[in-house]
There are 2 protein chains.
Amino acid sequence: MVRRERKEVTIADVAQRAGVAPSTVSRVLNGHSGTPETRGAVLAAVEALGFSPDSIARSLRSRETRTVGLQVIDIANPLFAAVTRGAERVLRQGGYTLLLANSDGDRAVERHLLTTLASRPVDGLLLSLGDESDTEVAAQVGALRVPVVLLDRNFAVPATDVALSDHRSGVRDAVRYLLDLGHRRIGFLGGPDTLRPGRERRRAFDEMMRERGVEPDPALVRTGSLSAAFGVRETAALLDLPEPPTALLAGGNQLGTGALETIRRRGLRIPDDLSLVICDDIDAARLNDPPITVVARDVEALGRAAAELLLETMTGRRPSGGGRVELGTHLVVRASCRRL
Amino acid sequence: MVRRERKEVTIADVAQRAGVAPSTVSRVLNGHSGTPETRGAVLAAVEALGFSPDSIARSLRSRETRTVGLQVIDIANPLFAAVTRGAERVLRQGGYTLLLANSDGDRAVERHLLTTLASRPVDGLLLSLGDESDTEVAAQVGALRVPVVLLDRNFAVPATDVALSDHRSGVRDAVRYLLDLGHRRIGFLGGPDTLRPGRERRRAFDEMMRERGVEPDPALVRTGSLSAAFGVRETAALLDLPEPPTALLAGGNQLGTGALETIRRRGLRIPDDLSLVICDDIDAARLNDPPITVVARDVEALGRAAAELLLETMTGRRPSGGGRVELGTHLVVRASCRRL
DNA sequence: CTGTTAGCGCGTTCAT
DNA sequence: ATGAACGCGCTAACAG
């Protein structure tokens with residue numbers, strides 16, 4: 001272990017140099033005190049010595065760390081990367097630092113994480129856990145002593161705030177759009193039912209199909225994972241069906257890249273051989289030839305909104321719990337769907 | 001501010017319940033002590049009371065935070081996201097938590113960041129700063145009291161370790177490949193000269209051209225920014241030249257997406273109208289139709305390597321400074337370049 | 001091996 | 001408005 005030497009310059013040194021008591025230095029630095037004279041002396045000493053308060057010692061007394069934990073399933077997923085970027089910015093501007101934890105969707109990691117984070121190093125938490133059906137994790141979240149904001153999750157935990165995407169409206173628009181183009185055999189790729197985005201998209205898909213009098217064919221609905229590998233495999237399976245779909249809705253960006261990969265590999269053309277819509281506007285969709293129609297949302301704004309929600313409760317402007325933001329999704333029509 | 005209540009259960013409570021002294025509890029928990037009897041009593045009390053040590057208090061004494069700061073220019077850039085993912089994993093497995101800071105390439109933010117981080121909340125730092133020519137930032141880095149690993153940067157700071165990519169070999173291969181296909185007018189899009197990746201790629205480009213007796217046309221070399229917007233604009237400018245390039249090498253993934261965007265917008269075909277090579281293997285390149293030839297590298301491994309370097313010095317296995325890893329880059333030939 | 005004592009550096013009482 | 005004393009929770013040093 002690195003054994004670092006003692007703090008080079010402490011508040012006591014500043015006090016001595018300024019000819020005042022340590023407590024006075026503390027007060028000046030925290031703005032509780034005012035005589036211009038002593039202020040000047042203290043600040044001069046601070047400057048001369050290059051003093052900067054020890055954040056650990058400060059935290060021990062104040063019981064605040066000015067740190068917020070953010071847990072995501074995979075920071076390399078552009079979705080989470082954008083959320084992180086938005087949250088980090090707002091938190092930094094609010095004087096907080098971000099502690100990042102990547103769970104890889106591993107429950108054991110998430111449990112360990114929550115245990116660690118409960119031992120005080122953070123003032124608040126932004127969570128987008130990997131499995132809403134994990135009751136143990138839910139219990140841990142419920143037992144946390146710090147404010148929590150759930151990111152697009154719907155856990156059975158009462159006192160948390162939530163920042164959500166309104167997946168349903170965008171997916172409904174997408175399905176309606178495909179139906180209007182004459183598609184009836186529409187394939188659906190979705191994440192696990194234990195995660196809100198997957199449930200909402202799936203539900204919106206079923207709803208809109210039925211509203212138009214089209215009963216979704218169970219053989220065309222493939223859910224269970226958000227991975228690109230799942231997208232690759234299930235798209236291939238769908239295409240191998242005796243009656244393959246004429247259109248495909250990928251309910252997740254990695255499912256979308258997986259679908260694209262299979263489509264490429266088989267030499268199929270979009271939209272002639274298959275129409276495609278992807279949820280979340282990623283580079284690979286926008287820059288595709290032809291550009292892919294997507295269900296877009298401002299993911300970075302979601303991160304910002306979540307961070308703002310958390311800041312409000314951490315700074316006492318609002319009690320924790322019950323807070324809720326929901327950001328819209330909308331269909332961006334490009335050129336990946338053909339009229340039947 | 002949130003004023004959190006005092007710690008619910010402390011080491012003293014455990015000591016009392018176990019009938020031992022607080023220091024004994026501490027020793028048991030840190031493995032310094034051993035009588036099976038006392039161990040059992042202490043652990044039972046810990047279990048019964050649900051005690052978990054306060055990390056802040058522990059840090060104040062031990063002068064370790066078990067936290068590492070990672071600064072990147074933009075976490076939403078898939079490159080940095082992958083580095084982060086790799087680093088986080090290794091650090092977590094090593095018992096460290098990651099503090100993430102996004103600088104947006106803003107020097108003021110970076111300076112502020114280094115000041116904050118110097119006030120002790122981290123045991124080590126992983127930095128990929130935005131401008132190697134910023135002497136003030138360099139001075140700050142040099143003054144840090146914790147071990148530092150530079151990520152693909154070459155600062156004039158002696159005692160730091162570095163984790164680098166060998167951009168040159170990959171770019172040389174790419175240029176040689178284009179020359180072998182008969183291209184002579186090769187455009188080059190590059191980042192700023194104040195960042196190692198930009199310098200190395202540019203240098204490799206010039207070198208290989210000259211080795212083959214082709215003097216690079218200054219009009220075809222556009223460097224200065226790594227942004228997609230710069231890629232969009234400069235690609236357009238290159239195409240508007242009286243004698244436009246027959247091939248384009250984009251020295252950065254965002255420059256590559258920018259180039260793709262302009263190519264799409266103008267309705268040009270790859271590789272018939274323009275051959276293209278992109279540095280870094282992103283989804284948009286791999287999934288493009290036709291798939292784009294890239295200079296690939298394992299960015300996640302770079303993050304892992306940097307984290308391992310840092311762990312070595314933080315745990316005292318190696319003195320800080322002089323450590324260096326360099327990971328390879330290689331050309332992945334796909335279908336975006338035509339023979340002239 | 002264990003208990004006692006003494007801080008780590010800061011903020012916050014309580015006096016003055 | 002300022003100084004003195006104390007304590008946040010834990011671990012290292014010193015005895016025994």
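Quick note on labels: first sequence line is chain A, next is B, and so on, each numbered from 1. Basis for what follows: all heavy atoms, side chains included, without hydrogens, waters or symmetry-related copies.
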**OP:** Check whether the side chains of B:Gln140 and B:Thr115 place a donor and an acceptor atom closer than 3.5 Å, and report yes or no.
**Re:**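 Side-chain D/A pair, B:Gln140 to B:Thr115: present.
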
**OP:** Tell me yes or no: between the side chains of A:Thr194 and A:Glu132, is some donor less than 3.5 Å from an acceptor?
**Re:** no

Rounded to whole angstroms, how far apart are [atom1] on [X] and [atom2] on [N]?
X: A:Arg27; N: D:dA1; atom1: CZ; atom2: P; result: 10 Å
X: B:Ile56; N: C:dG9; atom1: CD1; atom2: P; result: 15 Å
X: B:Asn30; N: D:dA12; atom1: CG; atom2: P; result: 7 Å
X: B:Leu60; N: D:dA12; atom1: CG; atom2: C1'; result: 13 Å
X: A:Asp54; N: D:dG9; atom1: CG; atom2: C1'; result: 15 Å
X: B:Arg66; N: D:dC10; atom1: CZ; atom2: P; result: 17 Å
X: A:Asp13; N: C:dG9; atom1: CG; atom2: C1'; result: 11 Å

By nearest atom, which of the nucleotides [options] is closest to the [X] side chain?
X: A:Arg58; options: C:dG9, C:dC1, C:dG11; value: C:dG11
X: A:Thr24; options: D:dG3, D:dC10, C:dC10; value: D:dG3
X: B:Arg61; options: C:dG11, D:dG9, D:dA1; value: D:dG9
X: A:Val20; options: C:dG11, D:dG3, D:dC10; value: D:dG3
X: B:Ser26; options: D:dT11, D:dT2, C:dT2; value: D:dT11
X: B:Ala21; options: C:dG11, C:dG3, D:dT11; value: C:dG3
X: B:Ile11; options: D:dC10, C:dG11, D:dG9; value: D:dC10
X: A:Ser23; options: D:dG3, C:dG3, C:dC10; value: D:dG3

**OP:** If a pair satisfies salt bridge (Lys or Arg N to Asp or Glu O under 4.0 Å) and one of its residues is in residues 35-49 of chain B, list it, with sequence neighbours excluded.
**Re:**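 Of all non-adjacent pairs touching residues 35-49 of chain B, none passes salt bridge (Lys or Arg N to Asp or Glu O under 4.0 Å).
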
Subject >> Criterion salt bridge (charged side-chain N to carboxylate O under 4.0 Å, His left out) on A:Glu312 and A:Arg317, from CA distance to verdict >> reply: CA-CA 5 Å; A:Glu312 282 178 17; A:Arg317 277 177 285 159; 5.2 Å; no

**OP:** Output yes when at least one side-chain N/O atom of A:Thr35 is less than 4.0 Å from OP1 or OP2 of D:dT2, else no.
**Re:** yes

Original post:
So how far off straight is the helix from C:dC1-D:dG16 to C:dT16-D:dA1, going by the axes through five pairs at either end, to 10°?
Top reply: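 Axis angle across the helix from C:dC1-D:dG16 to C:dT16-D:dA1, nearest 10°: 40°.
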
Subject >> Upstream residue (5' side of DNA chain D) when B:Ser52 and A:Gly19 are each assigned their closest nucleotide >> reply: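 Its nearest nucleotide being more 5', the pick is A:Gly19.
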
Original post:
Below 3.5 Å, does any donor atom in the side chain of A:Arg63 face an acceptor in the base of C:dG11, or the other way round?
Top reply: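 In this structure, the two groups form no donor-acceptor pair.
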
**OP:** Determine yes or no for a side-chain-to-main-chain donor-acceptor pair under 3.5 angstrom, with B:Ser320 supplying the side chain and B:Thr313 the backbone.
**Re:**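 Checking the backbone N and O of B:Thr313 against the side chain of B:Ser320, no donor-acceptor pair under 3.5 Å is found.
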
With heavy-atom distances below 4.5 Å as the criterion, would you say the side chains of [X] and [Y] are in contact?
X: A:Pro53; Y: A:Ile11; answer: no
X: B:Leu126; Y: B:Leu310; answer: yes
X: A:Ile75; Y: B:Ile75; answer: yes
X: A:Val137; Y: A:Leu114; answer: yes

Original post:
So, B:Arg85 and A:Asp74, do they make that salt bridge, N to O below 4.0 Å?
Top reply: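 Salt bridge present between B:Arg85 and A:Asp74.
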
**OP:** Scan A:Pro53 against the nucleic acid and name what it touches under 4.0 Å (heavy atoms): base, sugar-phosphate only, or nothing.
**Re:** sugar-phosphate

Subject >> Nucleic acid contacts - residues 38-47 of chain B versus DNA chain C, non-hydrogen atoms under 4.0 Å >> reply: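 Output list: B:Thr38.
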
